[in-house]
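Here's the structure, in structure tokens; my notes come after.
For ligands, and for the atoms within them, numbers begin at 1 and follow the listed sequence. Just the heavy atoms: all of them, side chains too, but no hydrogens, waters or symmetry mates, feed the values below.
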Amino acid sequence: MLLYWWLMKRKTFIHQSSLLAGGILISPTFFHVKEDRLIKKNISSHTPYAISTWNVPRANEIAGEALEKGSNALDAAVLGVAYEEANLLNTTVGKGGAPDRDGEVTLDACVMNHKGDCGAVLAVQNITHVAALAKDVMEKTPHVILAGEGAKKFALSQGYISENLLTPESEKAWQEWLKKGRYEPEINVENHDTIGMLCSDQNGHLSGVCTTSGLAYKMKGRVGDSPIIGSGLFIDNNVGGAVATGLGEEVIKTVGSFLIVELMRQGKTPQEACEEAVSRILEKQISKPDFQVAYLATNKKGEIGSYSIHKGFTYTQYKNNLNQNIASKAVY
Ligand code: GLY
């Protein structure tokens with residue numbers, strides 16, 4: 001009951017603070033569907049924590065606070081990233097995300113829980129909360145991945161709202177990009193990109209989420225690493241979890257998140273495993289690459305590691321009521 005009260009209060013707070021922050025609204029349907037699932041008894045003394053790629057303080061705090069109130073790791077992560085999916089000022093995930101070269105916003109997401117169950121949606125249009133949708137694919141269908149129109153059809157059948165995800169600002173930026181007259185992918189090096197979030201709950205269970213609008217001005221139909229289990233996200237609850245951000249093509253070639261978890265299984269720390277995964281990408285490059293890839297990982301001991309090709313990658317960590325943004329180590 002207490003948790004329910006807190007969630008309702010939190011819902012009101014998010015709504016109010018969103019308006020102040022520039023019209024960020026998490027779909028009421030999303031909360032309607034999700035909030036009852038967060039009620040869970042606090043039966044363990046494990047200190048929960050949430051970590052997210054990039055500087056996403058509010059999203060990470062929402063997840064961390066939900067964990068402290070007893071949420072399971074996956075529900076907390078889905079709830080946390082929902083804040084950024086609804087944030088119109090964030091042009092790399094959800095509503096307001098940069099469109100493809102045809103001017104259409106297509107979103108990718110995946111989730112994985114402590115049991116090894118996973119779900120993903122690829123190239124979805126008009127649905128803001130794709131991380132929640134990926135979880136619904138996992139829980140409510142016999143499949144792991146739904147793509148494009150099929151994913152949207154499933155979303156609508158589950159009560160998700162169809163919305164225009166292209167904001168006037170994103171459309172203007174796309175028009176400017178078109179004027180360049182050539183196909184030039186853009187990947188942020190110093191700003192942010194995909195949100196990958198890893199949560200450890202009071203039972204010590206790990207889960208994760210990855211959500212993105214993908215590479216800005218990508219070719220129509222292009223899908224990156226983010227919704228690909230093993231590339232954008234991988235969890236093994238006996239070992240740890242990892243998430244990726246940056247140029248998805250390079251992450252997919254080395255199945256980066258799975259690689260990191262397997263390296264941790266072999267005894268590497270999260271930091272060592274992230275560094276090795278970045279090296280696997282760089283060893284194929286003949287010169288300093290102009291793209292960014294960054295990894296964030298944690299193990300069952302609660303150790304955290306991160307590494308990126310270029311400086312500028314940061315991650316956000318919530319633990320013991322403290323939410324901090326931390327600069328990652330980088331090769332260059
Ligand atoms: N990491 C996001 C993408 O490449 O789509």
key: Under-4.0 Å salt bridge between E169 and K172   =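 No, no charged N to carboxylate O under 4.0 Å.
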ask   = Can we say E104 and K220 salt-bridge, meaning some charged N sits less than 4.0 Å from an Asp/Glu carboxylate O?
value =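 So E104 pairs with K220 through a salt bridge.
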ask   = Is the NZ atom of K153 crowded by more than 12 outside heavy atoms at less than 6.0 Å?
value =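 No, because the 6.0 Å sphere around NZ of K153 holds 12 heavy atoms or fewer from other groups.
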ask   = Heavy-atom count around E149 CD within 6.0 Å, excluding the residue itself: above 12?
value =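 Not buried by this count: 12 neighbours or fewer within 6.0 Å.
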Ignoring angles and geometry beyond distance, decide whether [X] reaches within less than 3.5 Å of ligand 1 through its nitrogen or oxygen atoms.
| X | answer |
| --- | --- |
| G214 | no |
| T194 | yes |
| L247 | no |

Listed partners of E283 passing salt bridge (Lys or Arg N to Asp or Glu O under 4.0 Å), at least two apart =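 In terms of salt bridge (Lys or Arg N to Asp or Glu O under 4.0 Å), with neighbours along the sequence ignored, E283 is linked to no residue.
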ask   = With sequence neighbours left out, which residue pairs that include part of residues 248-257 fulfil the side-chain hydrogen bond (donor to acceptor under 3.5 Å, both in side chains) condition?
value =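 side-chain hydrogen bond (donor to acceptor under 3.5 Å, both in side chains) check on residues 248-257 returns R222-E249, E250-K253.
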Give the numbers and elements of all ligand 1 atoms closer than 4.0 Å to a heavy atom of [X].
| X | value |
| --- | --- |
| D225 | 1 (N), 2 (C), 3 (C), 4 (O) |
| G224 | 5 (O) |
| G246 | 1 (N), 2 (C), 3 (C), 4 (O) |
| L215 | 5 (O) |
| G248 | 3 (C), 4 (O) |
| S226 | 1 (N), 2 (C) |

message = One residue to check: D193. Relative to ligand 1, which of side chain, backbone, both or neither has a non-hydrogen atom less than 4.0 Å away?
response =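 Under 4.0 Å from ligand 1, D193 contributes side-chain atoms alone.
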key: Contact partition for R222 relative to ligand 1, non-hydrogen atoms under 4.0 Å   =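 Just the side chain.
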message = With a 4.5 Å cut-off on side-chain heavy atoms, are L259 and R280 touching?
response =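 Yes, at least one pair of side-chain atoms sits under 4.5 Å.
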request  = State whether a side-chain donor-acceptor pair under 3.5 Å links N325 with T314.
outcome  =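 Yes, side-chain donor-acceptor contact under 3.5 Å.
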